[in-house]
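Have a look at the structure below, then the notes.
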Amino acid sequence: AQKVTQAQTEISVVEKEDVTLDCVYETRDTTYYLFWYKQPPSGELVFLIRRNSFDEQNEISGRYSWNFQKSTSSFNFTITASQVVDSAVYFCALSETTSGTYKYIFGTGTRLKVLA
Amino acid sequence: GAGVSQSPSNKVTEKGKDVELRCDPISGHTALYWYRQRLGQGLEFLIYFQGNSAPDKSGLPSDRFSAERTGESVSTLTIQRTQQEDSAVYLCASSFPGRAQYFGPGTRLTVL
């Protein structure tokens, strides 16, 4: 069965520090997709990153990067030189292609606080 | 607009009343999802529409909840005989299959 675990409930860092958010997933599929979303205090979820399991195609922007390791079923997300505006809840999500459907399973989220 | 829109943005209702929430997905997106997010919690999957296929209703918490989608456009989520535990933000998202989901701003439902 699908499962996404974000063990870090809350992280606090000082501005300009790098921070890594952990995500571990479980899936039986060989083809799947992994995502990170950001939910700032305003509440609207914003797409950040998508990663395919089967090729090197990826999406990245600016200070964001990821470390995808199939061997450990992890998809960790790093923010370089964090800023106060990065303060938000970050969700990791998994989508399988079982039976042609694309249901997404979200982790419980990690609340990031970046202190000035 | 180009994004997912939801209406109303806020809804306050009395226990026992029915409510209807609306979602307008991004044009062309074949997949549409409804989620519930209680205060300080993660996203709880409710229902998923994909093209003309039968919807995946496995996340609906009770038979008081139902949803419809007209073709690949607007969707409505209906909650009958609302209860206080239904109070939450209801989020709609649309996507191409397997691609990034784009979320609407949500409808904040408060049941008194």
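Quantities reported herein were computed from a predicted structural model and do not represent experimental measurements. Chain A is the first sequence line, chain B the second, and so forth, proteins listed ahead of strands; every chain is numbered from 1.
- Clustering ILVMFWY residues whenever any of their side-chain heavy atoms sit less than 4.5 angstrom apart, transitively, puts A:Val24 in a cluster other than the one holding A:Leu48.
- When the side chains of ILVMFWY residues are joined at heavy-atom separations under 4.5 Å, either directly or via intervening members, B:Val19 and B:Leu60 end up in a single hydrophobic cluster.
- We find the CG-CG distance between B:Leu43 and A:Leu45 to be 5.5 Å, quoted to the nearest 0.5 Å.
- When hydrophobic clusters are built by joining Ile, Leu, Val, Met, Phe, Trp and Tyr residues whose side-chain heavy atoms come closer than 4.5 Å, directly or via intermediates, B:Leu32 is not grouped with A:Ile105.
- For chain A, no part of B:Glu44 is nearby; none of its heavy atoms comes within less than 4.5 Å.
- Taken together through direct or relayed side-chain contacts under 4.5 Å among Ile, Leu, Val, Met, Phe, Trp and Tyr, B:Phe65 and B:Leu91 form parts of separate hydrophobic clusters.
- When heavy atoms are compared at a cutoff of 4.5 Å, B:Phe49 does not approach chain A at all.
- Neither the backbone nor the side chain of A:Gln6 comes within contact range of chain B; no heavy atoms are under 4.5 Å apart.
- For the pair A:Arg50 and B:Ala100, the tightest heavy-atom approach, listed with the atom from each and the gap, is CD-N, 4.1 Å.
- Within 6.0 Å of CD in B:Glu85 there are more than 12 heavy atoms belonging to other residues, nucleotides or ligands.
- Counted within 6.0 Å of CG on B:Leu112, heavy atoms from surrounding residues, nucleotides or ligands total more than 12; the atom is thus considered enclosed.
- Under the 4.5 Å side-chain heavy-atom criterion for grouping Ile, Leu, Val, Met, Phe, Trp and Tyr, A:Val13 is connected to A:Leu21 within one hydrophobic cluster.
- Per-residue heavy-atom pair counts under 4.5 Å with chain B were compared for A:Phe35, A:Tyr104, A:Tyr33, and the maximum is reached by A:Tyr104.
- Using a 4.5 Å cut-off between heavy atoms, B:Ser53 makes no contact with chain A at all.
- The backbone N or O of A:Lys103 lies less than 3.5 Å from no partner atom in the side chain of B:Tyr33, so there is not a single donor-acceptor pair.
- One distance of note links OG of A:Ser95 with CZ of B:Arg99; it measures 11.5 Å at 0.5 Å rounding.
- Heavy atoms of other residues, nucleotides or ligands lying less than 6.0 angstrom from CD of B:Glu68 number 12 at most.
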Checklist entry - Between B:Tyr35 and A:Phe106, does a side-chain contact (heavy atoms from CB on, under 4.5 Å) hold up when you go through it step by step? => result CA-CA 10 Å; B:Tyr35 297 91; A:Phe106 283 77; 3.5 Å; yes
Checklist entry - Taking it one step at a time, do B:Gln101 and A:Tyr37 satisfy side-chain contact (heavy atoms from CB on, under 4.5 Å)? => result CA-CA 9 Å; B:Gln101 291 185 310; A:Tyr37 290 85; 3.3 Å; yes
